[in-house]
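Here's the structure, in structure tokens; my notes come after.
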Protein chains: 2
Amino acid sequence: MLGTPTRDRIAERREAVRAEILSAAWDVAREHGVAQLTLRSVADRVGMRPPSLYSHFDSKNAIYDAMFGQGWATYLEECHRYLPGLPAEPRARLRAIARHFFDYSVADPAWYQLLNQRVVPGFEPTAESYAPSVAVMELFKGQLAALGIADDAAVDIWVVVVGGLVDAQLANDPGGERYAALLDRAVEMYADHVGLPPATTREDP
Amino acid sequence: MLGTPTRDRIAERREAVRAEILSAAWDVAREHGVAQLTLRSVADRVGMRPPSLYSHFDSKNAIYDAMFGQGWATYLEECHRYLPGLPAEPRARLRAIARHFFDYSVADPAWYQLLNQRVVPGFEPTAESYAPSVAVMELFKGQLAALGIADDAAVDIWVVVVGGLVDAQLANDPGGERYAALLDRAVEMYADHVGLPPATTREDP
DNA sequence: GTCTATACTGTGATAGAC
DNA sequence: GTCTATCACAGTATAGAC
């Protein structure tokens with residue numbers, strides 16, 4: 001009698017093709033904009049005919065959905081990687097968290113548009129793809145709670161300030177530094193508001 | 001010899017048709033989303049065939065452009081109408097200005113998306129249509145300057161806070177009140193930051 | 001001048017051959 | 001699983017009736 005293979009080579013191959021398609025989709029989105037993504041452009045990039053994509057994704061929105069889930073999952077990993085190295089001093093830590101999210105978003109507007117705005121007309125993420133974004137939000141809440149910022153409203157205002165900076169940068173000064181230059185000041189405003197103690201360690205010589 | 005008519009009835013009629021088309025375009029945008037606006041849907045609503053729209057607008061983007069200019073011009077008038085009635089006390093005045101913009105935006109997401117976000121792929125407003133938006137921005141700057149908030153960075157942070165509230169409301173809690181409820185608190189945070197004096201007059205009995 | 005009729009290109013999506 | 005063929009409908013543009 002034949003044994004059961006421990007690896008499903010077909011499923012692995014299938015998953016690899018899906019990942020290849022998603023990678024191509026991100027390339028197209030970054031190059032031409034999230035909303036300009038077409039099945040033809042993705043198919044061309046992976047060397048397929050457009051209808052062949054339907055063997056791997058049920059629809060164009062299913063591709064968006066997978067991108068949404070993958071985008072948040074990747075950012076979640078990124079957070080787990082850089083958070084341990086951040087300074088412990090509350091204001092410096094807030095600045096670093098905000099700066100990271102801001103830079104990450106501005107460096108990849110397609111990522112921010114798909115994951116944090118509503119630029120794709122009929123697209124609503126499925127519960128499965130939405131899960132990693134909730135995990136990121138919980139992570140942020142935990143970070144703020146560790147600094148003594150516990151109430152939900154204060155967390156929401158944090159989202160407003162950081163998100164507002166990114167939105168303003170992308171909408172009003174794409175490619176510039178106008179709102180990036182305001183980040184530290186905005187974080188100070190927030191830190192004062194939630195009553196964080198003034199910085200204890202000096203940073204300038 | 002014939003006299004020259006003081007009214008150009010043809011031009012008036014033409015302008016009326018343009019206004020009718022724009023009104024229909026706004027209806028469609030509000031109903032189905034800014035990006036879902038199609039020439040067919042607009043033509044259907046005004047009782048025309050799609051190609052007839054080209055007699056009044058050079059392209060679909062020209063319609064977006066006219067909507068952009070009209071949207072800001074209308075809001076500018078709205079500002080001139082309500083600003084005189086606002087309280088003079090700085091913090092109350094800031095709250096009122098923020099609340100007005102927030103409510104106006106949330107009540108008409110299509111307006112906010114077209115005028116303050118970048119939801120329409122290839123659309124860039126022309127200089128002419130952009131002018132009224134600059135006028136609104138100058139008006140806001142003047143309002144803040146009258147309260148002693150003069151430096152440009154502080155104005156930018158005002159835009160970040162108010163815009164961030166609207167963005168978060170539309171993206172994270174469409175139809176809800178989650179960020180609307182944080183508006184007064186966010187404005188207080190900003191007022192504290194720019195050093196506005198505490199409110200002098202009591203409002204509660 | 002204004003509108004209708006029509007054709008052209010490109011898009012998402014489906015059916016069926018292999 | 002991938003392909004060819006095809007559909008319905010979007011935006012664009014031209015020709016011609018009135």
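Not measured: the values here are computed from a predicted model. What's counted below: heavy atoms across the whole structure, side chains too, no hydrogens, waters or symmetry copies. Below, read A as the first sequence line, B as the second, and so on, with proteins coming before strands; counting in each chain starts at 1.
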Please tabulate the protein-to-nucleotide N/O contacts below 3.5 Å involving nucleotides 3-6 of chain C, giving atom names and distances.
| residue | atom | partner | partner atom | Å |
| --- | --- | --- | --- | --- |
| C/dC3 | OP2 | B/H56 | NE2 | 2.8 |
| C/dT4 | OP2 | B/R49 | N | 3.3 |
| C/dT4 | OP2 | B/S52 | OG | 2.9 |

N/O donor to acceptor pairs below 3.5 angstrom from side-chain atoms of residues 56-70 of chain A, sequence neighbours left out:
| residue | atom | partner | partner atom | Å |
| --- | --- | --- | --- | --- |
| A/S59 | OG | A/N61 | N | 3.4 |
| A/S59 | OG | A/A62 | N | 3.1 |
| A/K60 | NZ | A/L37 | O | 2.7 |
| A/Y64 | OH | A/V34 | O | 2.7 |
| A/D65 | OD1 | A/T126 | N | 2.8 |
| A/D65 | OD1 | A/T126 | OG1 | 3.4 |
| A/D65 | OD1 | A/S129 | OG | 3.3 |
| A/D65 | OD2 | A/T126 | OG1 | 2.7 |
| A/D65 | OD2 | A/S129 | OG | 2.9 |
| A/Q70 | OE1 | A/W26 | NE1 | 2.9 |

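In this structure, A/L53 places its CG atom 12 Å from C1' of C/dA13, rounding to the nearest Å. When the P atom of D/dT2 is taken as reference, atom CZ of A/R18 falls 13 Å away, rounded to whole Å. To the nearest angstrom, P of D/dA10 lies 12 Å from CD of B/Q36. Between A/Y54 atom OH and D/dT2 atom C1' the separation is 15 Å, expressed in whole Å. For A/I10 and D/dT2, the CD1 to C1' distance is 16 Å, given to the nearest whole Å. Distance, A/I63 CD1 to C/dG12 P: 9 Å, rounded to whole Å. What separates NE2 of A/H32 from C1' of C/dG10 is a distance of 15 Å, to the nearest Å.
A perpendicular orientation is assigned to the rings of B/W72 and B/Y75, their planes being inclined by more than 60° (bins at 30° and 60°).
Between the CE atom in B/M137 and the CG atom in B/L76 there is a gap of 13.0 Å [rounded to 0.5 Å].
Contact between the side-chain N/O atoms of B/R13 and the OP1/OP2 oxygens of C/dT2 is not found at any separation under 4.0 Å.
Looking at heavy-atom distances under 4.0 Å, B/R40 makes contact with a base. Residue B/L37 is classed as a sugar-phosphate contact, given heavy-atom separations below 4.0 Å to backbone atoms only.
Proximity of A/E31 to A/Q36: side-chain heavy atoms (C-beta onward) are nowhere separated by under 4.5 Å.
Side-chain atoms of B/D167 and B/Y179 include no donor-acceptor pair closer than 3.5 Å.
B/Q169 places a side-chain N or O within 3.5 Å of a backbone atom of B/G176 that can act as its donor or acceptor partner.
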